[in-house]
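Everything below concerns the one structure shown next.
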Amino acid sequence: NELITRFNGSHNENIIEAVLDGLDRKTRLYHDQEDYEMVVEVCDDTIRRYGGNPDWHVADHVARAMIRRAVALGKQGQHGKELAGYDSVVQRYGDSPEDLLRRHAAKTLMFKAVTLNDADQTSAEMECYDEVLRRYAEDPYARVRAVAADALIHKGISLANLAEDAAGEAESRDIEPEIACFDEVVTRYGGDDEIDLKRAVAEALLHKAETLLETGDTGAGIECLDAVIDGYGSIKDGELREFVKEARALKAEI
């Protein structure tokens with residue numbers, strides 16, 4: 001508090017960064033204490049002080065404060081304000097020339113989709129995934145494209161849940177919509193060398209394999225598992241190793 005009070009009026013870039021770091025630490029302390037009212041208050045303070053600053057480093061802090069504010073409102077049960085908060089991030093940063101700010105906007109749409117899923121607002125949830133794809137599926141920045149890939153995976157999982165509910169007591173469900181989502185991840189990003197996209201493709205193949213095995217298409221399921229094992233087994237990355245490990249375990253159960 002003393003840091004923020006004493007130096008908040010400075011125009012020195014290094015001091016501004018220190019004050020923003022202080023505000024960020026203060027927010028996280030209140031979050032850890034589950035004092036969401038104070039989280040909102042500190043985020044409001046950050047946005048009020050620095051929301052008009054054009055520097056992208058500062059905007060990064062402001063965007064994260066806006067997201068944390070929305071999440072805290074959701075924790076308080078104020079879901080209308082939570083969703084409006086997510087919308088404000090997308091409106092402000094969704095078309096930013098800065099890669100990191102576009103990623104914040106894309107991730108915010110995913111947070112919004114999760115909230116809508118929890119509220120059983122399936123149509124609006126799907127619109128969020130589609131907006132991520134429309135805006136960012138071909139983004140020049142790999143980490144933004146990775147959010148679009150994640151949107152396709154989440155969309156596929158949600159479609160699977162919907163199909164299961166629609167099937168009821170029937171022995172089979174319509175798997176084509178979910179498979180189409182997983183296939184689109186592989187088609188769009190299977191040749192991408194960026195590690196975030198490799199992870200997304202491996203995850204999509206794993207989900208596709210699980211669906212195919214559940215519905216009795218063992219041969220096609222094994223092909224997907226082999227694509228994960230052969231395609232990513234030699235890459236030294238923690239997340240990919242977990243996907244490969246899971247693929248091998250599933251194959252061993254067949």
Side-chain angles (χ1 to χ4, degrees), residues 1-32 35-76 78 80-115 127-151 194-197:
N1 285 336
E2 184 177 354
L3 167 70
I4 295 163
T5 301
R6 182 177 296 192
F7 296 107
N8 75 89
S10 175
H11 297 289
N12 180 284
E13 291 181 2
N14 293 326
I15 294 176
I16 289 173
E17 185 67 27
V19 174
L20 284 165
D21 186 55
L23 286 161
D24 180 70
R25 289 169 184 264
K26 188 176 178 182
T27 303
R28 283 185 276 128
L29 284 168
Y30 282 124
H31 183 274
D32 291 344
D35 188 345
Y36 299 117
E37 186 175 344
M38 284 304 301
V39 170
V40 172
E41 184 176 313
V42 178
C43 289
D44 282 340
D45 192 21
T46 303
I47 297 162
R48 182 178 62 254
R49 292 177 189 275
Y50 296 106
N53 192 308
D55 183 86
W56 76 267
H57 293 90
V58 177
D60 172 40
H61 284 275
V62 173
R64 284 189 279 117
M66 291 173 73
I67 295 168
R68 286 172 177 159
R69 179 182 184 276
V71 171
L73 288 166
K75 294 287 188 181
Q76 293 177 294
Q78 300 183 56
K81 291 183 178 179
E82 176 191 9
L83 293 171
Y86 294 143
D87 287 341
S88 67
V89 176
V90 178
Q91 289 165 6
R92 183 178 292 199
Y93 300 114
D95 297 315
S96 172
E98 296 294 339
D99 300 341
L100 182 59
L101 299 180
R102 292 197 308 280
R103 187 168 190 269
H104 281 316
K107 293 289 286 185
T108 297
L109 284 166
M110 294 298 292
F111 287 138
K112 183 179 178 181
V114 170
T115 299
E127 287 177 7
C128 285
Y129 298 138
D130 289 342
E131 185 174 359
V132 175
L133 294 168
R134 178 178 59 79
R135 286 176 174 269
Y136 306 114
E138 301 299 329
D139 195 273
Y141 184 44
R143 296 191 69 194
V144 178
R145 296 198 301 279
V147 181
D150 196 38
E194 296 291 342
I195 193 66
D196 289 324
L197 276 305

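- Under the 4.0 Å criterion applied to side-chain N and carboxylate O atoms, D32 and R28 are not assigned as salt-bridge partners.
- Although no hydrogens or angles enter the test, the distance criterion places no donor-acceptor pair under 3.5 Å between the side chain of R102 and the main chain of D95.
- When side chains are defined from C-beta on, H104 does not count as touching Y93, because their heavy atoms never get closer than 4.5 Å.
- Screening V62, L109, I67, L101 against V89 for a side-chain contact (heavy atoms from CB on, under 4.5 Å) leaves a single residue, I67.
- Under the side-chain contact (heavy atoms from CB on, under 4.5 Å) criterion, R143 pairs with R103, Y141, D196, not counting sequence neighbours.
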Worksheet item: Please walk me through it: do L73 and R69 pass side-chain contact (heavy atoms from CB on, under 4.5 Å)?
Response: CA-CA 6 Å; L73 288 166; R69 179 182 184 276; 3.5 Å; yes

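- Residues T108 and K112 form no side-chain contact, since every pair of their non-hydrogen atoms from C-beta on lies 4.5 Å or further apart.
- Between R135 and V90 the shortest side-chain heavy-atom distance falls below 4.5 Å.
- In this view, D21 and R25 satisfy the side-chain contact (heavy atoms from CB on, under 4.5 Å) rule, not counting sequence neighbours.
- I4 places a side-chain heavy atom less than 4.5 Å from the side chain of L23.
- For CG of N1, the number of neighbouring non-hydrogen atoms (other residues, nucleotides, ligands) closer than 6.0 Å is 12 at most.
- Side-chain contact between M110 and Y129: present, with at least one pair of heavy atoms (C-beta onward) separated by less than 4.5 Å.
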Discussion item. Working note: R48 + D44, criterion salt bridge (Lys or Arg N to Asp or Glu O under 4.0 Å); need CA distance, chi angles, decisive distance, verdict.
Written reply: CA-CA 6 Å; R48 182 178 62 254; D44 282 340; over 6 Å; no

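- Considering only heavy atoms from C-beta on, V147 stays 4.5 Å or farther from D139 through its side chain.
- Within 6.0 Å of the CD atom in Q76, the count of heavy atoms belonging to other residues, nucleotides or ligands exceeds 12.
- The stretch residues 46-68 participates, sequence neighbours left out, in no ring pair (Phe, Tyr, Trp, His ring centres under 6.0 Å) pair at all.
- The backbone N or O of G85 sits less than 3.5 Å from a side-chain atom of S88, completing a donor-acceptor pair.
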